Number of protein chains: 2
Amino acid sequence: MHTSLLDRLRLHGYRLTAQRRAVAEALDGINVHLTADEVHARAADILPEISRATVYSTLHELTEMGEILELGIEGRSKRYDPTTSPHNHLVCDSCGVIHDVQHGVAAPELPLNEAHGMAVRRAEVVYHATCGTCLAS
Amino acid sequence: MHTSLLDRLRLHGYRLTAQRRAVAEALDGINVHLTADEVHARAADILPEISRATVYSTLHELTEMGEILELGIEGRSKRYDPTTSPHNHLVCDSCGVIHDVQHGVAAPELPLNEAHGMAVRRAEVVYHATCGTCLAS
DNA sequence: TCTGAGTTCTGGACTAAGTCCAAGTTCGGA
DNA sequence: TCCGAACTTGGACTTAGTCCAGAACTCAGA
């Protein structure tokens, strides 16, 4: 995946740098939703001197390109989702863990008269739950 | 509303203090979703010396009681929703403004085999959009 | 009405997440 | 290879939220 992601960065007029490569690799092949700090830690395994500011800006670029999804569902920190095809999320309100929900149910559409003049881009269903670990403690 | 809300605080074993009254009044009769800081500002109009820490702890108590909803949908700060009956949200991803969506569409239910062992409490549909103000700028 | 135990509040210090910026470095088209 | 534009760095800063010890307050019971 990351090769084509880097290609796409290029198509969008971004330069290919070691830092962007490291962030792309950090996001490659994972199916959990990392926080910016976790992405930074993984990228730092590949490129130890990468700075937090660079990771943040690269994540913003990828979000803007639509290559990843920025989730601000619960907790203090945003999480980044490499799966951009429409899907829903199951969130533990107490620890912030997020699971993808793959069942094919699409979020119901929003009637135009409810849109408050806003341009709706996507809809998702968020299931608020408590995970086993948090239930036990 | 706030009278009964205070009654319910009492029923839950909480004491009635001027500070809790002020927070309850700050949330009373509004239909926008305030951030903790905005709640603090409104409460401070009623009780100028109320501290941030108190507002935060009162908001947590009310959330725990189920009297208000804590929303962490987008942006850096949580917002508090005095409407606890099931409804959906329309969010501007760029400025964080949240509108309630009143149309009667319920979020689809989550199949048990998708629940990852988590106890699902509620589901909501979140519509991600850009508001008129942000579109213009 | 008074009292005292226990609850609540305060304000300031602290933490975590994220942003900003100036200066130095690197990329890649010509 | 050269050079300008784009990118990165790291440290300071901002914002949102938490923590804590001591002071103030609430309210049940006398």
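Just so you know, these numbers come straight off a predicted model, no measurement behind them. Numbers restart at 1 for each chain; the letters A, B, ... are given by sequence-line order, proteins then strands.
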Between [N] atom [atom2] and [X] atom [atom1], what is the distance in whole Å?
X: B:His12; N: C:dT7; atom1: NE2; atom2: C1'; value: 17 Å
X: A:Asp7; N: C:dG28; atom1: CG; atom2: P; value: 12 Å
X: B:Glu70; N: D:dA16; atom1: CD; atom2: P; value: 15 Å
X: B:Leu59; N: D:dG17; atom1: CG; atom2: P; value: 10 Å
X: B:Glu61; N: D:dT18; atom1: CD; atom2: P; value: 13 Å
X: A:Lys78; N: D:dT15; atom1: NZ; atom2: P; value: 15 Å
X: B:His40; N: D:dT15; atom1: NE2; atom2: C1'; value: 15 Å
X: B:Ile50; N: C:dT8; atom1: CD1; atom2: P; value: 14 Å

Hphob cluster co-occupancy, [X] + [Y], side-chain heavy atoms under 4.5 angstrom:
X: B:Met65; Y: B:Tyr56; answer: no
X: A:Ile68; Y: A:Ile50; answer: yes
X: B:Ile46; Y: B:Val23; answer: no

Verify the contact: side-chain N or O of [X] to OP1 or OP2 of [N], cut-off strictly under 4.0 Å; return yes or no.
X: A:Tyr56; N: C:dT19; answer: no
X: B:Arg20; N: C:dT8; answer: yes
X: B:Ser51; N: C:dT10; answer: yes

Is there a donor-acceptor contact under 3.5 Å from the side chain of A:Arg79 to the main chain of A:Glu70?
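No, the answer is negative, given that no donor and acceptor are paired below the 3.5 Å cut-off.
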Footprint string (nucleotides 19-27 of chain D, 5' to 3'): B base within contact, S backbone only, - free, heavy atoms under 4.0 Å:
B------BS
Any idea which of C:dA17, C:dT10, D:dT9 is nearest the A:Asp37 side chain?
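Closest nucleotide to the A:Asp37 side chain: C:dA17.
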Is it the case that the ring center of B:His89 lies less than 6.0 angstrom away from the ring center of B:His33?
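Distance test on ring centres: under 6.0 Å, yes.
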Just grab all the salt bridge (charged side-chain N to carboxylate O under 4.0 Å, His left out) pairs involving residues 43-53 of chain A, residues at least two apart or on different chains.
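Every candidate salt bridge (charged side-chain N to carboxylate O under 4.0 Å, His left out) pair involving residues 43-53 of chain A fails, so no pair, neighbours aside, qualifies.
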Does any donor atom in the side chain of A:Thr54 or A:Ser51 lie under 3.5 Å from an acceptor atom in the other side chain?
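A:Thr54 vs A:Ser51: donor-acceptor pair found between side chains.
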Tell me what A:His60 touches on the nucleic acid: a base, only sugar-phosphate, or nothing, going by heavy atoms under 4.0 Å.
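Sugar-phosphate contact only.
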C:dG18 base to A:Arg52 side chain: any donor-acceptor pair below 3.5 Å?
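Checked by distance alone, the answer is yes.
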